[in-house]
Protein chains: 2
Amino acid sequence: MTAFTSKDVARLAGVSQSTVSYVMSGKRPISEETRRRVHDAIERLTYQPNAGARALASQRTNVVGLVVPFGPSADGAGLLPFIESIAFSARAQDYEVLLVTADEGSAGLRRLAGRSLCDGILMMDIQTEDERVPVAATLRTPVILIGVPAEPQGLHCVDMDFAQAARLAIGELADTGHDRVVILQHPTEVVQRDLNYVDRFLGPAVAVAADRRLPCRVTEPVERGRAGANRAVDQVLADRIPGERLGLVVPNANAVQPVLQALNARGVAPGRDLSVIGVCMDAWAENCEPPVTNVSGEARDVSRRAMQTLFWLLDPTPTGPPPVVDLLEPRLTRRESVMPIP
Amino acid sequence: MTAFTSKDVARLAGVSQSTVSYVMSGKRPISEETRRRVHDAIERLTYQPNAGARALASQRTNVVGLVVPFGPSADGAGLLPFIESIAFSARAQDYEVLLVTADEGSAGLRRLAGRSLCDGILMMDIQTEDERVPVAATLRTPVILIGVPAEPQGLHCVDMDFAQAARLAIGELADTGHDRVVILQHPTEVVQRDLNYVDRFLGPAVAVAADRRLPCRVTEPVERGRAGANRAVDQVLADRIPGERLGLVVPNANAVQPVLQALNARGVAPGRDLSVIGVCMDAWAENCEPPVTNVSGEARDVSRRAMQTLFWLLDPTPTGPPPVVDLLEPRLTRRESVMPIP
DNA sequence: TTGAAAGCGCTACCAC
DNA sequence: GTGGTAGCGCTTTCAA
């Protein structure tokens, strides 16, 4: 019992195979009568076109490749919203999503492109100097980076604007009369992997603090999980100068909750005894104790935009091209973790 | 600049196209000399076979479809280890992974099979009565269920053995001299969605408790997040009978941490004032405060096994077929959240 | 408005 | 051990 082909549809509808094809693609005018007959036949046979054959003939797979940072480094739940919203955007345009793990390095890219497994590629977790970027730049298949490497080599980049996020966070602490800021560094592994967003945030953050005459220190890397947060918080509390208004900035979304827990456990109340601003999704910030003032770049927005860019590259429309480096505005939401102006 | 084809390789190596094909597939003996020449040519051209053409000619896509429960119900971080290990298993066998979201329902299955997008399908988050299962059973494409519906219709099922997990958890509380057990129900949404593992755990749990003469109550659904856990814990503590040895069982992996936090926040120490046993991955259990005694079905083991089963179906080997319903043994690990025998 | 037919790049049969 | 060649099921010219 082998599947029906467009030939079967053609025979049943009493038309040629090419007519079936044109009815499906809409690439040439078809009489109402013919269209109906073909659609009927398609329905009766529950015909579906063979993807391989279509790809071979049309040079279009209708698949997007997605390179995800699994492997030793997979960074907790933050990944899911990305994958999820990419899957939805793809589906909305009749595309499938092919998953490739980042631990393959550029081999994955070469495979996707070389075998014509997909029409375009989305790549996450870009390193500042990323061996895959130069490779990606030479492929026939368009590649969109979610993140901004040192040298994008002409590739389209989409991400949250971390510089702006830094300005918002530090600015808020300056505006609310803080005396000093401590920024909790990402975990060692992230720092060592040279992930692009580390310095895109830290650089501007330090600069803005200097600008606003706010003493500002960056901690040692804060390791994942409860233990890392505890250690970092102990250190911060030990260094506190009596009476100062201290602001903590947590650029690592995964650290926000553990840090708040550590503070609570030590009887230090964010919003009363010191301030905390996190960089994380709103949903996480709201669910903290207390709800935390955050700068938010929603994963969904970033991946939706990345998909839009990719689709534009796949068929450019009259509307101008998307920006090559496309940074989305973050948003500061005030909640209860920042001390009010005295 | 269009990609090289096997014809180019053949010309460069001075052999026929079919020889190139046979060198790559190893499906017929090739002289050492020829093999070398072909491999050289492949290397020089960095030739990669076109996936569509190959699929069309061989009726094999070398792709596995993965149906993931994204959508409103996506249940936090628990999903990633599954996806991740499936991706690795696939890669190890030279397969790609195509992602389909569960919100498409059986349409996704029909598309994967009807268009020959993949050779086999893995489906997660099975409902006890799942509309997709009867559909899956009629496809030409083999489907493996991760989970066990009421009527598997001959489909292969792989999952943790929740009945055994229940026995382990309840048994441990009985053995350590508890007077009463409270089981924290999954969130409303999970219960209403009729997910198969809810009753596969609860039924046996209640039965074993009865067997051991352990009074046992199942709570109202405990909603996601801190708030849900707080409410549930308040209720449990309010119902406590002074002096009793109370055991809490938390079958919902995502609730384990919030529940422990809620207890801690109320000055109730698990392992001293009452006992907690969670059903969750070891990594999560270890990272709790205190480390929690758990029954663990590791996602990785389940998905690896599911992939093995799928690969067996794709090319059956002399070794017998895998069991149709394949339940993996869970493991109880004692940590610090269960009160020692008095 | 429609049909016939030439490929797309590969696999696998049949021949030598 | 190797080569020739007929498809796989679709899209897209070219012709009518």
Side-chain angles (χ1 to χ4, degrees), chain A residues 1-39 41-42 45-63 94 111 113-117 119 140 315, chain B residues 1-39 41-42 45-63 94 111 113-117 119 140 315:
Chain A
M1 164 214 162
T2 170
F4 290 114
T5 72
S6 66
K7 232 177 201 157
D8 299 315
V9 174
R11 192 171 329 120
L12 184 58
V15 300
S16 76
Q17 198 184 19
S18 58
T19 297
V20 174
S21 174
Y22 283 119
V23 166
M24 299 199 70
S25 70
K27 286 189 182 170
R28 94 181 181 190
I30 299 282
S31 76
E32 200 38 62
E33 161 69 0
T34 304
R35 186 200 315 290
R36 206 187 40 65
R37 299 242 306 285
V38 170
H39 275 139
I42 287 177
L45 303 182
T46 63
Y47 165 72
Q48 301 204 236
N50 179 296
R54 180 173 270 188
L56 184 55
S58 67
Q59 313 281 35
R60 279 292 197 126
T61 60
N62 267 57
V63 170
D94 243 290
R111 194 154 39 84
R115 310 197 151 191
S116 298
L117 280 160
D119 299 329
R140 299 174 297 107
D315 8 41
Chain B
M1 163 213 161
T2 171
F4 290 114
T5 74
S6 66
K7 232 180 201 153
D8 299 315
V9 175
R11 192 172 326 117
L12 184 57
V15 300
S16 77
Q17 199 183 15
S18 57
T19 296
V20 174
S21 175
Y22 284 118
V23 167
M24 298 201 70
S25 70
K27 287 189 182 169
R28 97 177 176 189
I30 299 282
S31 76
E32 201 38 60
E33 161 69 1
T34 305
R35 185 202 315 288
R36 208 188 38 67
R37 300 243 304 285
V38 170
H39 276 140
I42 287 178
L45 303 182
T46 63
Y47 164 73
Q48 302 206 232
N50 178 296
R54 180 174 270 189
L56 185 55
S58 67
Q59 314 282 31
R60 278 292 196 127
T61 60
N62 266 53
V63 170
D94 244 291
R111 193 154 37 82
R115 310 198 147 188
S116 298
L117 280 161
D119 299 329
R140 300 173 297 106
D315 18 28

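All figures in this text were calculated on a predicted structure; none of them were measured in a lab. We use all heavy atoms of the structure for the numbers below, so side chains are in, but hydrogens, waters and symmetry mates are not.
For the residue pair B/S21 / B/S18, no side-chain donor-acceptor distance below 3.5 Å is found, with atom types taken as modelled. Side-chain contact, B/S16 with B/T19: a donor N or O sits under 3.5 Å from an acceptor N or O.
Ion pairing of B/R36 with B/E32 is absent here, as no side-chain N (NZ or NE/NH1/NH2) approaches a carboxylate O to less than 4.0 Å. Looking at A/R60 and A/D315, a side-chain N of the basic residue comes within less than 4.0 Å of a carboxylate O on the acidic one, giving a salt bridge.
Not one side-chain nitrogen or oxygen of B/S6 sits closer than 4.0 Å to the OP1 or OP2 atom of C/dG9.
Whole-Å rounding puts the B/D119 CG to D/dC8 P distance at 19 Å. Taking atom CE on B/M24 and atom C1' on C/dG9, their separation rounds to 12 Å, with Å as the unit. At whole-Å resolution of the value, CZ in A/R54 and C1' in D/dT11 are 9 Å apart. Put simply, CZ on A/R60 is 13 Å from P on D/dT11, counting in whole angstrom units. Going from atom OH of B/Y47 over to atom C1' of C/dG9 covers 7 Å, rounded to whole Å. Nucleotide D/dC10 holds its C1' atom 13 Å from the CG atom of A/D8, rounded to whole Å.
A 4.5 Å side-chain heavy-atom check between B/L117 and B/V63 finds every atom pair outside the cut-off.
Rounding to the nearest 0.5 Å places CD of A/Q48 at 9.0 Å from OG of B/S116.
Checked by atom type and distance alone, the side chain of B/D8 never pairs as donor or acceptor with a backbone atom of B/L45 at under 3.5 Å.
Residues that satisfy the salt bridge (charged side-chain N to carboxylate O under 4.0 Å, His left out) test with B/R111, not counting sequence neighbours, are A/E96, B/E104.
Residues B/S25 and B/A3 each lie close to DNA chain C; by heavy-atom proximity, the contact nearer the 5' end of the strand is made by B/A3.
Rounded to 10 degrees, the angle between the two end axes of the helix from C/dT1-D/dA16 to C/dC16-D/dG1 is 40°, with five pairs used at each end.
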*List the steps, then state whether side-chain contact (heavy atoms from CB on, under 4.5 Å) holds for A/L12 with A/R37.*
CA-CA 9 Å; A/L12 184 58; A/R37 299 242 306 285; over 6 Å; no

_For a quick check, with a 4.0 angstrom heavy-atom cut-off, what is the B/S/- contact string for nucleotides 1-8 of chain C, read 5' to 3'?_
SBBBB-BB

